[in-house]
Amino acid sequence: MQIYDPQCIDEKWQEKWEGFGIYKAIDGDKRPKFYSLVMFPYPSGDLHMGHMRVYTISDVISRIKRMQGFNVLNPMGWDAFGLPAENAAIKRKLHPGAWTEQNIKFMRDSQLKKLGTSYDWDREVTTSTSDYYRWTQWIFLQFYKAGLAYRKSAPVNWCPDCATVLANEQVENGACWRHLETPVVQKQMDQWFLKITAYTEPLLNDLDKLTGWPERVKVMQRNWIGKSEGAILNFTVENKPNVRISVFTTRPDTVFGVSYLVLAPENPLVKELTTPENQAKVKEYVEQAGHKTELERMATEKSKTGIPTGSHVVNPFNGDIVPVWVSDYVLMGYGTGAVMGVPAHDERDFAFAQTFSLPITQVISAKDATESHLKAAYVDDGIMINSGIFTGLKNTDAVPKMIKWAQENGSGEGKTNYRLRDWLISRQRYWGAPIPLIHCEACGIVPVPDDQLPVELPIEGITFTGEGGSPLGKTESWLNVSCPQCKKPARRETDTMDTFIDSSWYYLRYADAKDNKEAFAKELVNYWMPVDQYVGGIEHAILHLLYSRFFTKALRDLKLVDCDEPFSNLLSQGMVTMYSPVSGRIEKMSKSRGNVVGTTDFFKRYGADAARLFTLFAAPPEQELEWSEEGAVGQFRFLSRIWRLVQGLIERGEINPAAESVDPAKLDAKGKSLLQLTHRTIKAVTEDLSQERFSFNTAIARCMELVNGLYAYVGEGSSNKDEIKLGDDEKNLVSFAVRNLLLCMAPMAPHISEELWHQIGAAGGNDDSIHVHPWPKFIDALTISDEIELVLQVNGKIVNKVSVTRGIAKEKIEELALADDKVKAKLNGSVVRKIIVVPNKLVNVVI
RNA sequence: ACCCUCGUAGCUCAGCGGACACAGAGCUCCUGCCUUCUAAGCAGAGGUGCGUUGGUUCGAAUCCAACCGAGGGUGCCA
């Protein structure tokens, strides 16, 4: 008997599959389309087993759908612009393009292909090559022309380590998302933005359409967009009738409880309103606040600081005169940079008022409309008190009335605010798509004409030092051009685009990857889009997924695509963890933590199928997965077990390759039960692998049970196994079971399934493949036996089980139960109060 | 502080629109067989009352409530 040698089988089939061309997606095919997408990798150079999880999951999905008769698009590409390439260039004196290219070659040929993935490599895209970024630039210009791209001077987040600015989405806890130890600093700079805020409402509302997305991702996006409805209220400054402070509040109903106003330190009104005697102190406070990083501001969350300006304002509702303070708990970037302080009904205001002994006026009471001594802010709904003409109303009813009153009296209006900001896309780095604009002294900003695209990155004469700003700004030959409009000398824009722009449209390019006339043909994009199943990490819950949704909507409005949501179904796979000798804990698999398992070694020893199976089996896809060598070897053993089973059958001549169906009438009880097990397995695996479940781990467990059942049936355990000879009907049955086992395993363990499929003679020829064979069908009637185990209970406790024929009458069951010896013993003559019968399942005798 | 997920055999996971599960799969452990030895393999055995408490029910791992524990996310957004 040949032993299971995955290395040789893997290689053989990977080569053959390339020749077969069975993984090619066919544009406009008659079969229903299925677009299966996995988040494309950054070509960092080396994938480990932890990375492989996402590709395995997505590949299995693609393979199932292919077998189920879909025209599957399963593409792969490279998110190849970005800082690591540039940093590597600085370190190794190698051009980022060359470094990237060699990484891609290794990751494609020695890693992803060796995993046995079924990508259509004809559609491979690399975002850093000019045939791709040409269209990134073109799309940018369409946005620019539509008013969705603009330049403004703004306070921006600067990461000193990246030596570039970052978008809001790329700042985590006040630090750079790539350098969690590096606080970002605020700088005032001229920068390019994309107007994602033009799509705030659709981005928010259409989340409801995304029924195939995990709830937590949608919640995160909702929070990020941060819609809040309320009002702008205007407070006139005392003795300065021309100056007013506008505040945004979600609680206009609490305005009668205002005891002070607070300005953000950056608010220009601070200067104007600070009275001479407070000048020095306020200036000092504002300066201190300005020096604090975002991180430091947050660290002082608990204790409130602040300082009075000396000015006062008039409450438009009740005429109260209240002081104006400055405090860094108010942010300039949100609302109006000023808030009204209502200590009785806001926790932060309560803390502030306590710190500085400011009055606390209750204006909403729980239920009895009386004032109580508040020990904490009362933030719930209730009845209005101390609120002039609004007293006595329910606060929720008062809100619209009060907004109306403010409007009529010129002291405010209803207003909806969002947290979402426009997307800052300028990067002061080399390795990205150049922003295709030209600065001309005479004409201003001029787009590069379409026929001059791409604006290629200069390669000659560039040196990477990592210092002194972007290399583009120092390359005169590239920088100096003539203005496309007036032909006078002009200069190129030196900023490149955020790499998240590259990944915001790559899924559209796959539909028409080699097009050199346009970014993508509308017809092809409309055929393939939207993506039917997207698989990727939760870390992109906001970033990439929000940007892509924005791009799709904007491109739809530019009439370039028809769909308005790019990804119908989303699966966020959990991370892969392992014991780290560095920290002594179980942590995410990563190089820096010293807990990586390489792919090459593993594939050589146990094969790609064992790697795939373990990854799928060890945990449900959304959950964390702890990598274990033993567990992975266990899958190798399982595969060996299948191998030996089939080899044994072949050697003894017990395989009938044509066994596509089995007549149950010709089988004995043991045979029938194996047939049922086979149909049950097909059914269970089909359901487990369906898009609603993606329960790969249980599908594998089902296959294991079938293998156990097969072994039990062919009696391999007995010592004289070589002598066992099955009759024709039994051979037929066993062959049928094996065929279906292989079909069920094929998406998950593609190599061994293909090899054995050919060995048992089920393939239609040498160039046929199990992976294009239709998915097996089960016969529901054959998943269940005629005999059922009827459970006999007394007071809900199981006392016995008896075998009866399916569909037996209720009365018969009751009779049977009362006649049973064990039931009788339990009843012991007691009076039967009632009998509950669940047909074909159980009977419960209540006493 | 809020939100989410999870808590079933030594371990990792199934089972949760009530009952074909007196709980299933793999790994680990143990015994025997096979083998010159080791590894691999084969056969067999063992093990858990389902985080805690209470409730609903004829019946709960499965539904409800509270609590405890673990992990993750968000966060001065007015």
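Both backbone and side-chain heavy atoms feed into the values below; hydrogens, waters and symmetry mates do not. Here is how names work: the chains are called A, B, and so on, in the same order as the sequence lines, proteins then strands, and each is numbered from 1.
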Both A/I836 and A/G335 contact RNA chain B. Which one's nearest nucleotide lies toward the 5' end? A/I836
Output yes when at least one side-chain N/O atom of A/Y334 is less than 4.0 Å from OP1 or OP2 of B/A78, else no. yes
Hey, mind stepping through A/T615 and A/R612 against side-chain contact (heavy atoms from CB on, under 4.5 Å) and telling me if it holds? CA-CA 5 Å; A/T615 300; A/R612 294 170 63 111; 5.8 Å; no
So what does A/E622 hit on the nucleic acid, given a heavy-atom distance under 4.0 Å: a base, only sugar-phosphate, or nothing? nothing
When the distance from CD1 of A/I642 to C1' of B/C42 is rounded to whole Å, what number comes out? 17 Å
Would you kindly give the CZ-to-P distance between A/R222 and B/C4, to the nearest whole Å? 13 Å
Under the 3.5 angstrom rule, does the side chain of A/H345 hit a backbone N or O of A/V379 as a donor-acceptor pair? no
Whole angstrom is fine here: how far is it from CE in A/M575 over to C1' in B/U12? 16 Å
To the nearest 0.5 Å, how far apart are CZ in A/F614 and CZ in A/F636? 15.5 Å
Is A/Q623 touching bases, backbone alone, or none of the nucleic acid, heavy atoms closer than 4.0 Å? sugar-phosphate
Hey, does A/R693 reach any base, or is it just sugar-phosphate, or nothing, if we go heavy atoms under 4.0 Å? sugar-phosphate
Atom CZ of A/F350 and atom C1' of B/C76 are separated, to the nearest Å, by 17 Å
Exam field: side chain A/R641 to backbone A/Y711, donor-acceptor pair closer than 3.5 Å: no
Would you say A/T698 reaches B/C13's phosphate, i.e. side-chain N/O to OP1/OP2 under 4.0 Å? no
Is a donor on one side and an acceptor on the other found under 3.5 Å between the side chain of A/D688 and the backbone of A/F696? no
Take atom CD of A/Q647 and atom C1' of B/G41, then tell me their distance rounded to the nearest Å. 15 Å
So A/R251 and A/V363, do their side chains get closer than 4.5 Å, heavy atoms only? no
Base, sugar-phosphate alone, or nothing: which one does A/G634 contact when heavy atoms must sit under 4.0 Å apart? sugar-phosphate
Does OP1 or OP2 of B/G26 have a side-chain N or O of A/N708 closer than 4.0 Å? yes
Is there a side-chain polar atom (N or O) of A/R641 under 4.0 Å from OP1 or OP2 of B/C42? yes
For atom OH of A/Y711 and atom P of B/G44, their distance in whole Å: 13 Å
With Watson-Crick and G-U wobble geometry limited to distances under 3.5 Å, how should the secondary structure of RNA chain B be encoded in dot-bracket form, using | for bases paired to another strand and [ ] for crossing pairs? (((((((..((((..........))))..((((.......))))......(((((.......))))))))))))....
Under 6.0 Å between ring centres: does that hold for A/F617 and A/F638? no
Look at A/R216 and B/C3 and indicate whether a side-chain polar atom (N or O) is within less than 4.0 Å of OP1 or OP2. no
Can you tell me whether the side chain of A/N697 and the base of B/C13 have a donor-acceptor pair closer than 3.5 Å? no
Without decimals, in angstroms, what is the distance between A/M578 CE and B/C27 P? 20 Å
